[in-house]
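Report on one structure; see the data block that follows.
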Amino acid sequence: MNIQDAYNEWSTIYDSNINRTRDLDAEVTRRTLKGRHFSSILEIGCGTGKNTEFLAEIGDAVLAFDFSEKMLAKARQKVTASHVRFAWADITQPWNCESDSIDLIACNLVLEHIEDLDHIFTQAERTLRSGGWFLINELHPFKQYGGTKARFERGENIIEVDVFIHHISEFIHAAEKNGLKLLKLDEVWHEDDAGKPPRLISFVFGK
Ligand SMILES: C[S@@+](CC[C@H](N)C(=O)[O-])C[C@H]1O[C@@H](n2cnc3c(N)ncnc32)[C@H](O)[C@@H]1O
C-alpha cells in the first residue's frame with residue numbers, strides 16, 4: 001500500500017497495536033541518548049510522536065517532520081511543549097532547515113520507506129553542525145530478507161506498506177560518501193526474539 005495512505009490509516013492504532021519493533025526502538029533510542037543534551041534536534045518521520053516526547057526532554061528546540069497528516073495530528077495531541085514544532089514535510093525532498101543548524105537528527109523506523117538513502121545522508125550532512133549526531137534505528141535488514149515489513153491489521157486483513165531493502169553496507173557507504181563517520185553500530189534483539197535474527201539495527205553517525 002502507498003506509504004502516505006497507509007500511515008494515515010495506521011495512525012488510529014499505531015500507538016496501541018502490538019508492535020515489538022516500535023517498542024524496542026523506543027527503548028534503544030532512550031538508551032543511546034540517555035544523559036545527553038542537544039540544543040537543536042531534527043526528527044525526520046516523527047509519526048505519532050512516540051520518540052518526540054523523549055527528544056523534547058533532551059533538546060532545547062525540536063523540529064519534527066512527517067508527511068502523514070494523521071500521524072502528525074496524533075503527535076501534536078501528544079506533545080504540546082512550546083519548544084517542539086511539528087511540520088508537514090516529505091523527507092525525499094530538500095529539507096526546509098538551515099545548513100549547519102542541527103545537533104541531533106533522529107530517524108526511527110523510517111528509512112525502509114525511502115528508496116534513495118544518498119539523498120537522506122546528503123541532507124543530514126548539510127543540516128548538521130560540526131560534531132552533530134545522526135541517529136538511525138531501522139528494522140534490521142536480516143528481518144527484511146525473511147519477509148518482515150511494516151504492516152498493520154485492518155479487520156481480518158493484514159495491510160503491508162511499501163518498503164525498500166537497504167543492506168547494512170548501503171548505510172555505511174552513503175554516510176562515507178557524504179562525509180559522515182560511523183560512531184556506533186548495534187544490533188538489537190527483542191526479548192521474544194531468542195534464536196532469531198536481530199530485530200533492529202542502530203547507527204550513530206557523526207559530522
Ligand atoms: C513506522 S513509522 C515511525 C514513526 C516514528 N519515528 C516511530 O518510531 O514511532 C514511519 C513514519 O515515517 C513517515 N514517513 C515515511 N516516508 C516519509 C517521507 N517520505 N517523508 C516524511 N515522512 C515519511 C510515515 O508517515 C510514518 O509516520
Side-chain angles (χ1 to χ4, degrees), residues 1-33 41-59 62-79 84-97 104-124 127 134-141 143-144 148-153 158-166 174 188 190 199-204:
M1 185 179 193
N2 163 286
I3 298 160
Q4 211 168 8
D5 293 345
Y7 280 103
N8 277 331
E9 190 172 333
W10 195 351
S11 63
T12 55
I13 54 164
Y14 184 85
D15 286 336
S16 57
N17 66 357
I18 294 173
N19 185 335
R20 293 182 183 82
T21 308
R22 174 201 63 206
D23 297 344
L24 187 62
D25 167 64
E27 264 179 57
V28 171
T29 300
R30 282 153 182 76
R31 200 158 65 220
T32 306
L33 299 176
I41 299 178
L42 172 66
E43 185 181 14
I44 55 172
C46 63
T48 60
K50 173 196 85 194
N51 291 326
T52 323
E53 273 187 313
F54 167 68
L55 297 174
E57 291 170 16
I58 61 163
V62 180
L63 173 61
F65 288 156
D66 205 285
F67 78 164
S68 159
E69 285 291 2
K70 293 201 172 163
M71 295 292 271
L72 274 176
K74 292 277 179 193
R76 286 190 173 107
Q77 279 169 10
K78 190 181 292 163
V79 187
V84 177
R85 187 164 71 84
F86 292 100
W88 185 95
D90 179 350
I91 60 166
T92 64
Q93 301 301 310
W95 302 350
N96 186 11
C97 200
L104 170 69
I105 299 171
C107 179
N108 301 74
L109 309 178
V110 180
L111 297 182
E112 70 175 314
H113 301 306
I114 304 293
E115 185 166 21
D116 183 3
L117 279 192
D118 183 57
H119 167 79
I120 299 296
F121 279 88
T122 302
Q123 292 298 308
T127 53
F134 183 18
L135 168 71
I136 298 175
N137 283 355
E138 268 304 308
L139 182 66
H140 199 294
K143 297 287 278 185
Q144 293 185 304
T148 304
K149 47 170 85 168
R151 59 187 182 170
F152 62 98
E153 288 174 22
I158 299 288
I159 309 299
E160 292 191 332
V161 187
D162 293 346
V163 293
F164 304 93
I165 295 181
H166 298 299
V188 194
H190 188 274
R199 182 173 289 270
L200 265 194
I201 187 149
S202 177
F203 305 88
V204 177

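Note that ligands are numbered from 1 as they come in the structure, with each ligand's atoms numbered from 1 the same way.
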Need the ligand 1 atom indices (1-based, order shown) with element for anything under 4.0 Å from a heavy-atom of Asp25. 8 (O)
Side chain, backbone, both or neither: the part of Asn137 lying under 4.0 Å from ligand 1 by heavy atom: neither
Given the side-chain rings of Phe67 and Tyr7, with only the six-membered ring counted for Trp, is the space between their centroids under 6.0 Å? no
In the protein, which heavy atom is nearest to atom 20 (N) of ligand 1, and how far is it? Ile91 N, 2.9 Å
Would Ile44 count as a contact of ligand 1 if the rule is a heavy atom under 4.0 Å away? no
Carefully, step by step, assess Ile120 and Phe134 under the rule side-chain contact (heavy atoms from CB on, under 4.5 Å). CA-CA 11 Å; Ile120 299 296; Phe134 183 18; 3.9 Å; yes
Which ligand 1 atoms are under 4.0 Å away from a heavy-atom of Gly47? 4 (C), 27 (O)
Heavy-atom distance to atom 4 (C) of ligand 1: which of Ala64, Gly45, Ala106 wins? Gly45
Which of the atoms in ligand 1, numbered in the order shown and given with their element, are less than 4.0 Å from a heavy-atom of Thr92? 19 (N)
Looking at Gln93 and His119, what are the two nearest heavy atoms and their distance? O-NE2, 3.1 Å
Expected output: side-chain Glu138 to main-chain Leu111 donor-acceptor under 3.5 Å: yes
Atom 2 (S) of ligand 1 - nearest protein heavy atom and its distance: Tyr7 CE2, 3.5 Å
Report, in ascending order of atom number, the atoms of ligand 1 lying under 4.0 Å from any heavy atom of Lys50. 7 (C), 8 (O), 9 (O)
Could you tell me whether Tyr14 approaches ligand 1 through its side chain, its backbone, both or neither, with non-hydrogen atoms closer than 4.0 Å? side chain
Would Gln123 and Ile105 count as a side-chain contact (heavy atoms from CB on, under 4.5 Å) if you check the C-alpha gap in whole Å, the side-chain angles of each, and the deciding distance to 0.1 Å? CA-CA 10 Å; Gln123 292 298 308; Ile105 299 171; over 6 Å; no
Beyond-backbone contact of His140 with Thr148, side-chain heavy atoms, under 4.5 angstrom: no
Residue portion contacting ligand 1 (non-hydrogen atoms closer than 4.0 Å) for Phe67: both
Quick check: does Met71 get an N/O under 3.5 Å from an N/O on ligand 1? no
Show the numbers, then the answer: is there a side-chain contact (heavy atoms from CB on, under 4.5 Å) between Ile158 and Glu153? CA-CA 5 Å; Ile158 299 288; Glu153 288 174 22; 3.6 Å; yes
What atoms of ligand 1 come closer than 4.0 angstrom to any heavy atom of Asn51? 8 (O)
Numbered atoms of ligand 1 (with element) below 4.0 Å of Ala89, judged on heavy atoms: 20 (N), 21 (C)
Is the shortest heavy-atom distance from the side chain of Ser202 to the side chain of Leu200 under 4.5 Å? no
Asp66-Ser68 side chain donor-acceptor pair, cut-off 3.5 Å: no
Just so I know, are the side chains of Leu55 and Val84 near enough to count as touching, which here means a heavy-atom distance under 4.5 Å? no
Do Glu43 and ligand 1 have an N or O pair less than 3.5 Å apart? no
Consider ligand 1: state whether an atom of it lies below 4.0 angstrom from any non-hydrogen atom of Trp10. no
Between the candidates Val161, Asp66, Ile120, which shows the shortest non-hydrogen contact distance to atom 24 (C) of ligand 1? Asp66
Numbered in order shown, the ligand 1 atoms found under 4.0 Å of a heavy atom of Asp90 are 18 (C), 19 (N), 20 (N)
For atom 10 (C) of ligand 1, tell me which residue out of Leu111, Thr48, Leu109 has the closest non-hydrogen atom. Leu109
Val110 neighbourhood, listing ligand 1 atoms whose heavy-atom distance to it stays under 4.0 Å: 12 (O)
Between Arg30 and Asn51, does any side-chain donor sit less than 3.5 Å from a side-chain acceptor? yes
Would you kindly specify which portion of Ala150 sits under 4.0 Å from ligand 1, judged on non-hydrogen atoms: side chain, backbone, both or neither? neither
With Lys50, which of Asn19, Asp23, Thr29, Asp25 fulfils side chain to side chain donor-acceptor pair (under 3.5 Å)? Asp25
In Å, rounded to the nearest 0.5 Å, how long is the span from CZ of Phe164 to CD of Glu112? 10.5 Å
Side chain, backbone, both or neither: which part of Cys107 comes within less than 4.0 Å of ligand 1 when only heavy atoms are counted? neither
